[in-house]
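First up is the structure itself, then whatever we jot down about it.
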Amino acid sequence: MNDLALVLYHKQSTSARLRFARFGDSIVAARLAAPAGDGVLPHPGTLTARATDRLGLPPGALQIDTEFEADILSPDGTLTVRLAHFTDIDPPFDAVASADGRFVSITEMRGIPDTERDVLRLVYEHVIG
């Protein structure tokens with residue numbers, strides 16, 4: 001199975017400070033199961049809609065990074081990871097906290113699965129350059 005997952009980040013426009021939304025021991029904010037058998041993944045816009053609903057944010061609060069895609073191994077097969085960023089100037093701390101999440105820097109990512117940490121390194125390199 002090749003499911004689709006979404007990782008969220010916020011990059012401060014004035015300082016370039018990069019923070020990731022972390023939910024428990026995972027960086028995955030939303031996940032969709034791919035339809036069985038056809039090998040076609042759902043459009044990532046469905047993930048952003050699911051994430052904005054989960055966080056109670058208005059439409060447009062998240063924007064997909066169309067240039068990033070990575071695969072990680074999960075117990076159920078391959079997980080295709082897409083990336084989205086928060087569009088507001090400041091991170092929506094309250095919205096993420098209401099979904100039992102928090103914003104953290106990459107150095108605060110202890111305790112997540114090794115496969116997610118590997119993807120997070122790729123995300124960091126992609127966003128920072």
Side-chain angles (χ1 to χ4, degrees):
M1 181 188 302
N2 195 14
D3 291 350
L4 190 61
L6 185 67
V7 172
L8 305 177
Y9 75 91
H10 182 273
K11 184 177 176 185
Q12 196 73 40
S13 60
T14 55
S15 68
R17 181 176 182 183
L18 184 60
R19 295 179 180 133
F20 298 94
R22 179 176 177 166
F23 303 92
D25 62 353
S26 179
I27 57 171
V28 174
R31 186 173 177 160
L32 286 174
D38 62 10
V40 177
L41 289 174
H43 189 277
T46 307
L47 281 175
T48 59
R50 187 170 281 188
T52 54
D53 285 347
R54 177 182 182 188
L55 301 173
L57 295 171
L62 293 172
Q63 183 175 0
I64 287 284
D65 184 333
T66 58
E67 297 178 11
F68 183 86
E69 185 175 312
D71 291 330
I72 62 173
L73 294 176
S74 73
D76 300 324
T78 304
L79 187 62
T80 299
V81 178
R82 298 302 304 262
L83 185 60
H85 66 90
F86 293 96
T87 58
D88 281 347
I89 293 172
D90 294 314
F93 293 108
D94 292 340
V96 170
S98 72
D100 296 324
R102 59 190 165 111
F103 280 98
V104 296
S105 68
I106 195 167
T107 59
E108 299 172 283
M109 283 294 185
R110 292 180 274 303
I112 65 171
D114 291 341
T115 53
E116 288 187 23
R117 191 173 14 260
D118 291 343
V119 168
L120 197 58
R121 179 184 52 81
L122 296 173
V123 169
Y124 187 85
E125 290 172 358
H126 172 76
V127 173
I128 296 298

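The structure presented is a predicted model; accordingly, all values stated were derived computationally and were not measured.
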Can you list everything that forms a side chain to side chain donor-acceptor pair (under 3.5 Å) with S26? Sequence neighbours excluded, please. E116
Can you list the steps and then say if E108 with S105 is a side-chain hydrogen bond (donor to acceptor under 3.5 Å, both in side chains)? CA-CA 5 Å; E108 299 172 283; S105 68; 3.1 Å; yes
Below 6.0 angstrom between ring centroids: does that apply to Y9 and F68? no
After noting the C-alpha distance and the side-chain angles of T115 and R117, does the key distance pass the side-chain contact (heavy atoms from CB on, under 4.5 Å) rule? CA-CA 5 Å; T115 53; R117 191 173 14 260; over 6 Å; no
F86 and P92, any side-chain heavy atoms less than 4.5 Å apart: yes
Consider only side-chain heavy atoms of I, L, V, M, F, W and Y, link residues closer than 4.5 Å, and tell whether I27 and L79 are in one cluster. yes
Test: salt bridge (Lys or Arg N to Asp or Glu O under 4.0 Å). Region: residues 21-33. Which pairs qualify, not counting sequence neighbours? D3-R31
If you count heavy atoms of other groups shown closer than 6.0 angstrom to CD1 of I89, is the number above 12? no
Walk me through whether H85 and L62 qualify under side-chain contact (heavy atoms from CB on, under 4.5 Å). CA-CA 5 Å; H85 66 90; L62 293 172; over 6 Å; no
Among pairs that include at least one residue of residues 118-129, which meet salt bridge (Lys or Arg N to Asp or Glu O under 4.0 Å), considering only residues two or more places apart or in two chains? R121-E125
Heavy-atom pair of closest approach, residues L4 and P44: CD2-CA, 4.3 Å
Which atom of G60 lies closest to which atom of T87, heavy atoms considered: O-OG1, 3.0 Å
Residue list, salt bridge (charged side-chain N to carboxylate O under 4.0 Å, His left out) with R19, at least two apart or on another chain: none
Heavy-atom donor-acceptor pair, T78 side chain to I72 backbone, under 3.5 Å: no
Which residues share a side chain to side chain contact (heavy atoms under 4.5 Å, CB included) with I106, sequence neighbours left out: F20, L120, Y124
Under the rule for side chain to side chain contact (heavy atoms under 4.5 Å, CB included), what residues qualify as partners of A29, not counting sequence neighbours? L8, F23
Are L6 and F103 connected in the hydrophobic side-chain network, where two residues link if heavy atoms are under 4.5 Å apart? yes
D65 vs V123 side-chain heavy atoms within contact, under 4.5 Å: no
Please say yes or no: joined through hydrophobic side-chain contacts below 4.5 Å, possibly via intermediate residues, are L83 and V119 part of one cluster? yes
Grab the two heavy atoms, one from R54 and one from A99, that are nearest each other, plus how far apart they are. NH2-O, 3.6 Å
Taking atom types as modelled, find out whether H10 and D88 have a side-chain donor-acceptor pair closer than 3.5 angstrom. no
Closest heavy-atom pair and its distance - V7, V81: CG2-CG1, 3.5 Å
Please answer: with hydrophobic residues joined when any side-chain heavy atoms are less than 4.5 Å apart, are L122 and V104 in the same cluster? yes
Rounding to 0.5 Å, atoms CG (L55) and CG (D94) come to a distance of 11.5 Å
